[in-house]
2 protein chains.
Amino acid sequence: MATPPAETRERLLDAAELAFAQEGIQQASLRTITAAAQANLAAVNYHFGSKDGLIREVLQRLVGPINAERLQRVSDAEAKYADKIVPLEELLRHFLEPTLQMFASGRSHIPTLISRFHHETSPAVAETMAAVLEPVVGRFLQALMRSVPSLTIERALLRGQFMVGALLETLSLNPEVLKLMQPAGVDSLPRLNMLDELVTFCAAGFRHE
Amino acid sequence: MATPPAETRERLLDAAELAFAQEGIQQASLRTITAAAQANLAAVNYHFGSKDGLIREVLQRLVGPINAERLQRVSDAEAKYADKIVPLEELLRHFLEPTLQMFASGRSHIPTLISRFHHETSPAVAETMAAVLEPVVGRFLQALMRSVPSLTIERALLRGQFMVGALLETLSLNPEVLKLMQPAGVDSLPRLNMLDELVTFCAAGFRHE
DNA sequence: GTCTATACTCCGATAGAC
DNA sequence: GTCTATCGGAGTATAGAC
């Protein structure tokens, strides 16, 4: 059982994840990916049908758990508050933290990759991304308008876009800027600050007027 | 003077701008661009040395005027306020509006292209972008900390990143979301709303605490 | 189920005629 | 300054052996 055949698929996904983050999703070649995975060039086509199939699979494996955690946390929070109204800051935290946790996951290329997926315009990525995000967006919009009763639906949508933009920009921050944020040198420290900063910035924006 | 030879360079830049926006900067091929510009494949190499040279030239031609307008508007505003303290909302407006005006410029692909340039990680783009943005960022940070005296430099930098993220996300909004923002059907209308929405959202965030 | 070998297309860049 | 022709290489995908 040193190298069971089922592992090839996982090695390909891991290698693709890293290559997509480092070189770009479209730029990374199947030759690079299969070489890094110590698999044959034909393996991608065998396991995923095409490069688009591989891309879709990497995306779902990455974003699926994040969104599942988001939904779980909102459900827990709503259960905790009997009136179903979750304080705004807490709600934003449940949306933002599952993504920001990736900074501390040890797989430091993940934030870059999430940013790349969000800004990719190819149909394969855009459609999969929309399908994966749709339930989460609906759920949070609903909760958001309960937390801030004065919000109209248009404003909630637009400001939600602003928040996502701020989050994504945070994910692609270069290391030099990151260093500015942390007095000490621990790598997992800025994430905490960043989460608090993002939450207070966006909460103020959501509440305005 | 129907087609003076000097025009080829301009046609190449225009064609590249459109192709970069529609297909992606790395994905767009010189063959597509030169065909659209009704020029020869070798023309790009002759006029710009390489594809990277073309990319840099498109970027500078696009972002240069925007940043020049930003600096001019800040200078005008600081001259208007004798104490050199510009109200926060006005300052943000001077930073955001030159970019958002691109929605009404008739060249509707420009917002997408700006977003692409910002998220591109190739050295040719990243270095040029950093060089072009550096003076503007410095100038606005300075003004920002005067407009909001309680801001630390680290916070100003980080929140500035949040604002840029929100702006860029706005630039890549898909048309369906855009339609939600405007009751009437005019295409230049959402830009006005969007600017106001961005300014109030970010101003609240900058002022918090 | 996995690999070898290869097919076919397209890329950016250059050499040299005009 | 602009064109034609072509180079060398890399891209994805497939056919067929094992």
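Letters A, B, ... mirror the listed sequences (proteins, then strands); counts begin at 1. The figures that follow rest on heavy atoms only: side chains count, while hydrogens, waters and symmetry mates do not. The structure presented is a predicted model; accordingly, all values stated were derived computationally and were not measured.
- Note on B:Y46: every side-chain N or O is 4.0 Å or more away from OP1 and OP2 of D:dT2.
- The phosphate of C:dC10 (OP1 or OP2) has no side-chain N or O of B:S29 nearer than 4.0 angstrom.
- Contact check, B:T8 against D:dT2: a side-chain N or O comes under 4.0 Å of OP1 or OP2.
- The closest donor-acceptor contact from the side chain of B:T112 to the backbone of B:A21 lies at 3.5 Å or more, if one exists at all.
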List the atom pairs, with distances to 0.1 Å, where a side-chain N or O of residues 60-69 of chain B and a protein N or O form a donor-acceptor pair under 3.5 Å, not counting sequence neighbours.
unit_1 : atom_1 : unit_2 : atom_2 : d
B:R61  : NH1    : B:E10  : OE1    : 3.4
B:R61  : NH1    : B:D14  : OD1    : 3.1
B:R61  : NH2    : B:D14  : OD1    : 2.9
B:R61  : NH2    : B:E17  : OE2    : 3.2
B:N67  : OD1    : B:R70  : NH1    : 2.9
B:N67  : ND2    : B:V132 : O      : 3.2
B:E69  : OE2    : B:R73  : NH1    : 3.2

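- Between the side chains of B:Q26 and B:S122, a donor-acceptor pair is found at a separation under 3.5 Å.
- Between the CG atom of A:L12 and the P atom of C:dG1 there is a distance of 15 Å, rounded to whole Å.
- Residues A:R139 and A:E134 are not paired through a salt bridge, judged by the lack of any N-O separation under 4.0 Å between the basic side chain and the carboxylate.
- To the nearest angstrom, P of D:dA10 lies 18 Å from CD of B:Q27.
- Regarding B:I33, its CD1 atom lies at a distance of 10 Å from the P atom of C:dC11, rounded to whole Å.
- Taking atom CD on A:E23 and atom P on D:dA10, their separation rounds to 13 Å, with Å as the unit.
- The stretch residues 35-45 of chain B comes close to DNA chain D through B:N40, B:A42, each having a heavy atom under 4.0 Å from the strand.
- The pair B:R146-B:E78 meets the salt-bridge criterion, since a charged nitrogen lies less than 4.0 angstrom from a carboxylate oxygen.
- Nucleotide C:dT9 holds its P atom 20 Å from the NZ atom of A:K51, rounded to whole Å.
- Salt-bridge check for B:E89 with B:R207: passed, with a basic side-chain N closer than 4.0 Å to an acidic carboxylate O.
- Atom CD in B:E7 sits roughly 15 Å away from atom C1' in D:dT2 (whole-Å rounding).
- When rounded to the nearest whole Å, the span between CG of B:L54 and P of C:dA13 equals 10 Å.
- In this structure, A:I25 atom CD1 and D:dG11 atom P are separated by 16 Å, rounded to whole Å.
- A:R116 and A:E23 are not joined by a salt bridge, as no carboxylate oxygen comes within less than 4.0 angstrom of a charged side-chain nitrogen.
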